[in-house]
*Asks:* 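Take a look at this one; I'll ask things after.
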Amino acid sequence: MNQNIRIAITPGDGIGPEVVSEAVHCLEALRDKYHLPLEWIRFPWPSHAWHEKHGESMPPDALAQLQRFDAILLGALGDPGPAYDNARYLLPDSVSLAPLLQIRKHFDQWVCERPARLLPGAHQYLADVRARNVDMLVIRENSEGEYVGQGGRLRQGTPDEIATQVEIFTYRASERIIRYAFEQARNRAQQRQASGQPRTFHGQSGSESTSQVCLVTKRNALRHWGDLYTEVFAAVARDYPDVALHHELVDAACMKFVQCPWAFDVVVASNLQGDILTDLAAILSGGMGVAPSCNLNPDNLELPSMFEPTHGSAPDIAGQGLADPTAMLLTTARMLEWLSQKTPQLGVAAEALFNAVTADLADYSGQQRDTHSIGHSVRERLR
């Protein structure tokens, strides 16, 4: 008999508890239908509410507690809303979002993986008919780079204040994230081939390939790490002669994400640049309300990976039951797919949830529905 897979549920702030509630109801439906060995515990932290009561976003042993789980399902962190309440307990982003960085670093969740695929029924923001074919995977280095937190402020509060923010890039982290991108490119090509929907990409030499990896840097201005990424990219690429190669500077990449997003397959970028690119890619796939995200440690399945939708806490609609839980439900499906490496039967549940969510999205395209109505509709499809 399979040992239970344990999930830490951390609803967080704003609309987080609302969309997480719908995800948990779907997990209950899947557990009952497929007799899944799943269990979960809901934590009131990290959150503004916990900080207001205890003076910290989460307890001192929070990471030790989370380490006992197979995955973390996070709602959102940040402004708790509602936006019209000027007296609400509000923390600086550097405080409220700090637990995200702590969790990612502690469990070495070095891959942030965000698919951008325009599903039937999702809003198409670009007028070009070819935008219907957007289907890329943006892979963001998640362990170092611009977000390592190295630096400080000297003579703070004076006209002579100095702030330093140090970026750190290592060969090891650069190599593993770039190699991961090439592996995912191969996997995506194989999946497209199996489904009878192959794609063709042109490499730098003009040859055609069924997959592509685009490296994004700012090597013309941020020379040192840009050159490191470029050199590592070239070295790793030699092991993947079947994959087309591409390189963009981040400003040009932003332009081309809008101009011709269908030309991209797998995109790999640094922490900060990947952070910006993934939000833009989310809009290309229909908006923040339908964009899933995950923070992964492919090296060690004994440590929990963390799954969170791309959207934030949306304080403008918090507490009103208006938040679209689609991104949260798609994120939950990706969590189940990831956990199927430990318990294969979870893969069936992941596919069922993904299919139910995408069918619901297609059937109700453009219609305004509240949080519970969408969750209820998806659960009915699951049953």
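All residue numbers in this chain count up from 1 along the given sequence.
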*Asks:* Please report the interatomic distance CD1(Ile103) to CD(Gln67), rounded to the nearest 0.5 Å.
*Replies:*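 The CD atom of Gln67 is 12.0 Å from CD1 of Ile103, to the nearest 0.5 Å.
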*Asks:* Got a sec, which pairs hit ring-ring contact (aromatic ring centres under 6.0 Å, His included) with one end in residues 76-97, sequence neighbours left out?
*Replies:*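 Every ring-ring contact (aromatic ring centres under 6.0 Å, His included) pair that includes a residue of residues 76-97, provided the two are not neighbours, is His51-Tyr89.
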*Asks:* Would you say Trp110 and Met306 are hydrophobically clustered, going by side-chain heavy atoms of ILVMFWY under 4.5 Å?
*Replies:*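 Different clusters: Trp110 never reaches Met306 through Ile, Leu, Val, Met, Phe, Trp or Tyr contacts under 4.5 Å.
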*Asks:* Less than 4.5 Å apart, side chain to side chain, heavy atoms only: is that true for Tyr229 and Leu222?
*Replies:*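 Counting from C-beta outward, Tyr229 and Leu222 never come under 4.5 Å.
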*Asks:* With no hydrogens and no angle check, is any side-chain donor or acceptor of Asn297 less than 3.5 Å from a backbone partner on Asn300?
*Replies:*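 Yes.
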*Asks:* Is any side-chain heavy atom of Leu73 closer than 4.5 Å to a side-chain heavy atom of Met328?
*Replies:*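 SC-SC contact between Leu73 and Met328 confirmed.
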*Asks:* Output yes when a side-chain donor or acceptor of Ser211 lies under 3.5 Å from a complementary backbone atom of Arg186, and no otherwise.
*Replies:*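 No, Ser211 side chain to Arg186 backbone: no donor-acceptor pair under 3.5 Å.
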*Asks:* I'd like to know if the side chain of Ser365 reaches the main chain of Ala362, judged simply by a donor and an acceptor atom lying under 3.5 Å from each other, with no hydrogens or angles considered.
*Replies:*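 No; judged by distance alone, with no hydrogens or angles, the pair does not exist.
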*Asks:* What are the two closest non-hydrogen atoms of Ser293 and Cys112, and how far apart are they?
*Replies:*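 Heavy atoms only, the tightest pair is OG-SG, 3.9 Å.
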*Asks:* Got a salt bridge between Arg31 and Glu39, using NZ or NE/NH1/NH2 to carboxylate O under 4.0 Å?
*Replies:*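 Judged by the 4.0 Å cut-off on N to carboxylate O distance, Arg31 and Glu39 do not form a salt bridge.
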*Asks:* For Thr217 and His247, does a side-chain donor sit closer than 3.5 Å to a side-chain acceptor?
*Replies:*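 On atom types as modelled, these side chains qualify, holding a pair under 3.5 Å.
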*Asks:* Is any side-chain heavy atom of Pro115 closer than 4.5 Å to a side-chain heavy atom of Leu137?
*Replies:*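 A side-chain contact under 4.5 Å exists here.
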*Asks:* Could you grab the distance from atom CG of Leu339 to atom CD of Gln345, nearest 0.5 Å is fine?
*Replies:*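 Rounded to the nearest 0.5 Å, the CG-CD separation comes out at 11.5 Å.
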*Asks:* Are any of the side-chain heavy atoms of Ser270 and Glu146 separated by less than 4.5 Å?
*Replies:*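 Heavy-atom side-chain distance check passes, below 4.5 Å.
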*Asks:* For residues Val20 and Ile15: do they belong to one hydrophobic cluster (side chain heavy atoms under 4.5 Å, members Ile, Leu, Val, Met, Phe, Trp, Tyr)?
*Replies:*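 No.
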*Asks:* What's the shortest heavy-atom distance between Ala269 and Leu277, and which atoms?
*Replies:*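 Closest heavy-atom pair between Ala269 and Leu277: CB-CD1, 4.1 Å.
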*Asks:* Please name the pair of heavy atoms, one in Leu38 and one in Asn4, separated by the smallest distance, quoted to 0.1 Å.
*Replies:*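 Between these two residues, the closest heavy atoms are N-OD1, 4.4 Å.
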*Asks:* Could you check whether any side-chain heavy atom of Leu63 comes within less than 4.5 Å of a side-chain heavy atom of Phe107, counting everything from C-beta outward?
*Replies:*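 Yes, at least one pair of side-chain atoms sits under 4.5 Å.
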*Asks:* Taking Ile276 as the starting point, is it possible to reach Leu100 by hopping between hydrophobic residues whose side chains are less than 4.5 Å apart?
*Replies:*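 In one cluster: no.
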*Asks:* Measure from the side-chain N and O atoms of Asp13 to the backbone N and O of His48, and report whether any donor-acceptor pair falls under 3.5 Å.
*Replies:*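 Here the side-chain-to-backbone pair exists.
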*Asks:* For Ala71, is there any backbone N or O sitting under 3.5 Å from a side-chain donor or acceptor partner on Ser305?
*Replies:*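 A pair under 3.5 Å: no.
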*Asks:* Enter the distance from Gln212:CD to Met136:CE here, rounded to the nearest 0.5 Å.
*Replies:*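 Result: 9.5 Å between the selected atoms.
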*Asks:* Going by distance alone, is a donor N or O of one side chain under 3.5 Å from an acceptor N or O of the other, for Thr158 and Asp160?
*Replies:*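 On atom types as modelled, these side chains do not qualify, holding no pair under 3.5 Å.
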*Asks:* Any chance CD of Gln367 has more than 12 other-residue heavy atoms, nucleotides or ligands included, within less than 6.0 Å?
*Replies:*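 Counting neighbours around CD of Gln367, more than 12 heavy atoms of other residues, nucleotides or ligands fall under 6.0 Å, so yes.
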*Asks:* Kindly give the heavy-atom pair with the smallest separation between Ala350 and Ala333, and that separation in Å.
*Replies:*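 Closest pair (atom of Ala350, atom of Ala333, distance): CB-O, 3.3 Å.
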*Asks:* Under a 4.0 Å threshold between the charged nitrogen and the carboxylate oxygen, would Asp135 count as salt-bridged to Arg188?
*Replies:*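 Asp135 and Arg188: salt-bridged.
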*Asks:* Side chains of Met58 and Gln65: closer than 4.5 Å at any heavy-atom pair?
*Replies:*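 Side chain of Met58 against side chain of Gln65, heavy atoms only: no contact under 4.5 Å found.
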*Asks:* Count the heavy atoms of every other residue, nucleotide or ligand shown that sit under 6.0 Å from NZ of Lys33, and state whether that count exceeds 12.
*Replies:*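 More than 12 heavy atoms, drawn from other residues, nucleotides or ligands, come within 6.0 Å of this atom.
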*Asks:* Do any N or O atoms from the side chain of Lys342 and from the backbone of Glu302 form a donor-acceptor pair under 3.5 angstrom?
*Replies:*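 A pair under 3.5 Å: no.
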*Asks:* Should Leu91 and Glu52 be marked as a side-chain contact (heavy atoms from CB on, under 4.5 Å) after you check the CA-CA gap, both sets of side-chain angles, and the distance that decides it?
*Replies:* CA-CA 9 Å; Leu91 298 168; Glu52 184 174 16; over 6 Å; no
*Asks:* Measuring from Ser285:OG to Leu280:CG, what's the distance to the nearest 0.5 Å?
*Replies:*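 If we round to the nearest 0.5 Å, Ser285:OG and Leu280:CG are 10.0 Å apart.
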*Asks:* Tell me whether Ser313 contacts the main-chain N or O of Asp79 through its side chain, where contact means a donor paired with an acceptor under 3.5 Å.
*Replies:*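 A pair under 3.5 Å: yes.
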*Asks:* Is it true that the side chains of Trp262 and Asp128 contain a donor and an acceptor less than 3.5 Å apart?
*Replies:*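 There is no such pair between these side chains.
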*Asks:* For Cys26 and Leu353: C-alpha separation, side-chain torsions, deciding distance, then whether side-chain contact (heavy atoms from CB on, under 4.5 Å) applies.
*Replies:* CA-CA 8 Å; Cys26 286; Leu353 180 55; 4.2 Å; yes
*Asks:* Return the minimal non-hydrogen interatomic distance between Val266 and Gln184, and the atom names on each side.
*Replies:*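 Between these two residues, the closest heavy atoms are CG2-C, 4.3 Å.
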*Asks:* If you count every heavy atom of other residues, nucleotides or ligands that lies below 6.0 Å from Arg117 atom CZ, does the total exceed 12?
*Replies:*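 Counting neighbours around CZ of Arg117, 12 or fewer heavy atoms of other residues, nucleotides or ligands fall under 6.0 Å, so no.
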*Asks:* Describe, in one word, how the ring planes of Phe169 and Trp225 are oriented to each other, choosing from parallel (under 30°), tilted (30 to 60°) and perpendicular (over 60°).
*Replies:*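 Ring orientation, 0 to 90° scale: parallel.
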*Asks:* Would you call the rings of His123 and Tyr125 parallel, tilted or perpendicular, where under 30° means parallel and over 60° means perpendicular?
*Replies:*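 Perpendicular.
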*Asks:* Quick one: does Arg140's side chain have a donor or acceptor within less than 3.5 Å of a partner on Asn271's backbone?
*Replies:*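 Yes; at least one donor-acceptor contact below 3.5 Å.
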*Asks:* Passes salt bridge (Lys or Arg N to Asp or Glu O under 4.0 Å), Glu308 versus Arg104? Steps please.
*Replies:* CA-CA 12 Å; Glu308 54 173 323; Arg104 289 170 181 169; 3.0 Å; yes
*Asks:* Under a plain distance cut-off of 3.5 Å, with no hydrogens placed, do Thr371 and Glu22 share a side-chain donor-acceptor pair?
*Replies:*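 There is no such pair between these side chains.
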*Asks:* Which atoms form the tightest heavy-atom contact between Gly12 and Leu77, and what is the distance?
*Replies:*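 Nearest pair, atom of Gly12 first, then Leu77: CA-CD2, 4.0 Å.
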*Asks:* Do His25 and Glu28 have a side chain donor and acceptor closer than 3.5 Å?
*Replies:*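 Short answer, yes.
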*Asks:* Can you measure from CG (Leu245) to CZ (Phe233) and round to the nearest 0.5 angstrom?
*Replies:*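 CZ of Phe233 is found 5.0 Å from CG of Leu245.
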*Asks:* Is the shortest heavy-atom distance from the side chain of Leu346 to the side chain of Tyr34 under 4.5 Å?
*Replies:*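 A side-chain contact under 4.5 Å is absent here.
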*Asks:* Side-chain donor-acceptor pair under 3.5 Å between Glu144 and Thr170, yes or no?
*Replies:*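 A donor-acceptor contact under 3.5 Å links the two side chains.
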*Asks:* Give a yes or no on whether Arg369 atom CZ has more than 12 heavy-atom contacts from other residues, nucleotides or ligands under 6.0 Å away.
*Replies:*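 Yes, the 6.0 Å shell around CZ holds more than 12 heavy atoms from other groups.
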*Asks:* Donor-acceptor pair, Glu161 side chain versus Gly157 backbone, under 3.5 Å?
*Replies:*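 A pair under 3.5 Å: yes.
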*Asks:* Is His376 atom NE2 crowded by more than 12 heavy atoms from other residues, nucleotides or ligands, each under 6.0 Å away?
*Replies:*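 It does not: His376 NE2 has 12 such atoms or fewer within range.
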*Asks:* Determine whether Ile5 and Leu336 fall in the same hydrophobic cluster, where Ile, Leu, Val, Met, Phe, Trp and Tyr are linked whenever their side-chain heavy atoms lie under 4.5 Å apart.
*Replies:*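 Ile5 and Leu336: one cluster.
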*Asks:* I'd like to know if the side chain of Glu18 reaches the main chain of Gly319, judged simply by a donor and an acceptor atom lying under 3.5 Å from each other, with no hydrogens or angles considered.
*Replies:*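 Checked: pair present.
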*Asks:* Side-chain contact test, heavy atoms from C-beta onward, threshold under 4.5 Å: evaluate it for Pro298 versus Trp338 and give yes or no.
*Replies:*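 Yes - at least one pair of side-chain heavy atoms lies under 4.5 Å apart.
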*Asks:* Could you please spell out the steps behind the side-chain contact (heavy atoms from CB on, under 4.5 Å) verdict for Ile7 and Met335?
*Replies:* CA-CA 10 Å; Ile7 303 168; Met335 178 186 71; 3.5 Å; yes
*Asks:* Taking the basic N atoms (NZ, or NE/NH1/NH2) and the acidic carboxylate oxygens, is any pair closer than 4.0 Å for Glu380 and Arg383?
*Replies:*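 Salt bridge: yes.
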*Asks:* Please enumerate all residues that pass side chain to side chain donor-acceptor pair (under 3.5 Å) together with Ser377, with sequence neighbours excluded.
*Replies:*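 By the side chain to side chain donor-acceptor pair (under 3.5 Å) rule, Ser377 matches Asp360.
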*Asks:* Phe354 and Leu296: same hydrophobic cluster, using ILVMFWY side-chain contacts below 4.5 Å?
*Replies:*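 Yes, Phe354 connects to Leu296 through the hydrophobic network.
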*Asks:* Might you confirm whether atom CZ of Arg223 has over 12 heavy atoms from other residues, nucleotides or ligands at distances under 6.0 Å?
*Replies:*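 Result for CZ/Arg223: open.
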*Asks:* So how far is it from Phe307 CZ to Leu74 CG, rounded to the nearest 0.5 Å?
*Replies:*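 Interatomic distance, Phe307 CZ to Leu74 CG, rounded to 0.5 Å: 12.0 Å.
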